[in-house]
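Residue numbers begin at 1 in each chain, while the letters A, B, ... track the order of the sequences.
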Number of protein chains: 2
Amino acid sequence: MVDAEQRRRELAEAVWRVIRRDGVPGASVRAVAREAGTSMGALRHWFATQDELLRFAMTLVLERASARIEAVVAEGGPLEGRVVRLLEETLPLDDERRAEAEVWLALTARALVDPDLAELRDRSADGLHLLCGAVLRALAEDGRLRTGLDPALETERLYALLDGLAVHALTRPSALPPDRVRWVLAAHLDDLHPPV
Amino acid sequence: MVDAEQRRRELAEAVWRVIRRDGVPGASVRAVAREAGTSMGALRHWFATQDELLRFAMTLVLERASARIEAVVAEGGPLEGRVVRLLEETLPLDDERRAEAEVWLALTARALVDPDLAELRDRSADGLHLLCGAVLRALAEDGRLRTGLDPALETERLYALLDGLAVHALTRPSALPPDRVRWVLAAHLDDLHPPV
DNA sequence: AGCAAAGTAGCACAACTGTGCTAGAACGGA
DNA sequence: TCCGTTCTAGCACAGTTGTGCTACTTTGCT
């Protein structure tokens, strides 16, 4: 028996490639099978239905992103110095993260009308919201936060800024190249620091 | 002859209703005709192809939003006092704007793989970006802007915050109800003001 | 070698899709 | 009243979709 999980991952990656090229509507069973260089029958052996295939592909996106973030956290020591890198893991700053973000956006749009995907999207949103909260707490504990800031509000603001940047970097990469994204994010974090 | 533009609008609004209920993939010619209470033939009389129908529906969304904004601008006098209301016109704070935002998100996602829609999306993005720039300029001219702020950066930051808030209010209305959206936006604008 | 399980291939089917097309209904001016 | 235009209705067609299903090949264990 081949490594089942590995095979499912390969097929899910074929899903990503198709979605990036033709969007979610293009990710038909036949198209994915062709992209993966296999047959409809083989595909259906690993995923009983199309929904299951899509859900798995989406789940994998979230897992990869949170694994990268976890890796940065696991470096140990005070978070404060790694805050920017942490947040940047969620932004489409290179090809890999761009691919993930494209799939994420497609998921977000589709989740508006697909309850199954909505659950996945909520999990990812909660994760990011928690991350933003943790970042602010880390900054506060280091005394790198201006006084008078409301943590709940700043969490919401940072979270919105992150996803807004993601959408813009994704849809208008020429107007908002990676350096510019980093610039805006860094400026926002700087702005939270106490004045010198 | 019936009012042609009016009829086309009615059909486009049927498109919105279908998109809100079933997403863009659900907006088939037959489904839209049924929703509009008419026939495929009648629909095809007003829109030769499905693409034309979708594009028109999307265009209408952008037109309505910019009309609302234009109306606020046209009230005359210094912009500064109306800045919040201006920006709030772009956010899904009531049912009407929520419907528009849902269609906008669907458009944004689909534009990643559909060049025709990408053009529309770019136009809307440019408009919003210009609006953010104008708002900052208005604040600056009123001396309501902290010194040392980079206008280009603050434009990008405000723009990202707006769209991020829109996405979150849209996808997680319970976690981010209208009042909370207003709260975050107002706080961000306050934060641009000089300290008292 | 033999055999069961795992994996692959792809046909068949019904249900959809967008569009071409024809037929007729409703309307407006002469 | 007649006639041409505008508008509506919906069938026909070719194409695509997801899934059920059977037949086949490959793999690995005894």
For a quick test of reading the model: is some side-chain N or O of [X] closer than 4.0 Å to OP1 or OP2 of [N]?
| X | N | answer |
| --- | --- | --- |
| T49(A) | dG18(D) | no |
| W46(B) | dT8(D) | yes |
| S28(B) | dT17(C) | yes |
| H45(A) | dG7(C) | yes |
| R7(B) | dT8(D) | yes |

Rounded to whole Å, please give me the gap between [atom1] in [X] and [atom2] in [N].
| X | N | atom1 | atom2 | answer |
| --- | --- | --- | --- | --- |
| D3(B) | dC7(D) | CG | C1' | 14 Å |
| Q50(B) | dG20(C) | CD | P | 13 Å |
| F47(A) | dG20(D) | CZ | P | 16 Å |
| R34(B) | dT8(D) | CZ | P | 18 Å |
| L53(A) | dG18(D) | CG | C1' | 12 Å |
| M40(B) | dG20(C) | CE | C1' | 10 Å |
| L54(A) | dT19(D) | CG | C1' | 15 Å |

Is there a side-chain contact between R68(A) and E100(A) in this structure, where contact means two heavy atoms from C-beta onward sitting under 4.5 Å apart?
yes

Stepwise side chain to side chain contact (heavy atoms under 4.5 Å, CB included) check, V15(B) with L11(B):
CA-CA 6 Å; V15(B) 173; L11(B) 296 173; 5.8 Å; no

Are R146(B) and H193(B) linked by a side-chain donor-acceptor pair shorter than 3.5 Å?
no

Is it true that the side chains of E156(B) and H168(A) contain a donor and an acceptor less than 3.5 Å apart?
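E156(B) vs H168(A): no donor-acceptor pair found between side chains.
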
Is R30(A) side chain donor-acceptor paired with the dG18(D) base, going by distance under 3.5 Å alone?
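Answer yes: a donor N or O sits under 3.5 Å from an acceptor.
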
No-H, no-angle donor-acceptor pair, R44(A) side chain to dG18(D) base, under 3.5 Å
no

R97(A) side-chain N/O to E88(A) backbone N/O, donor-acceptor pair under 3.5 Å
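Yes: the side chain of R97(A) pairs with the backbone of E88(A).
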
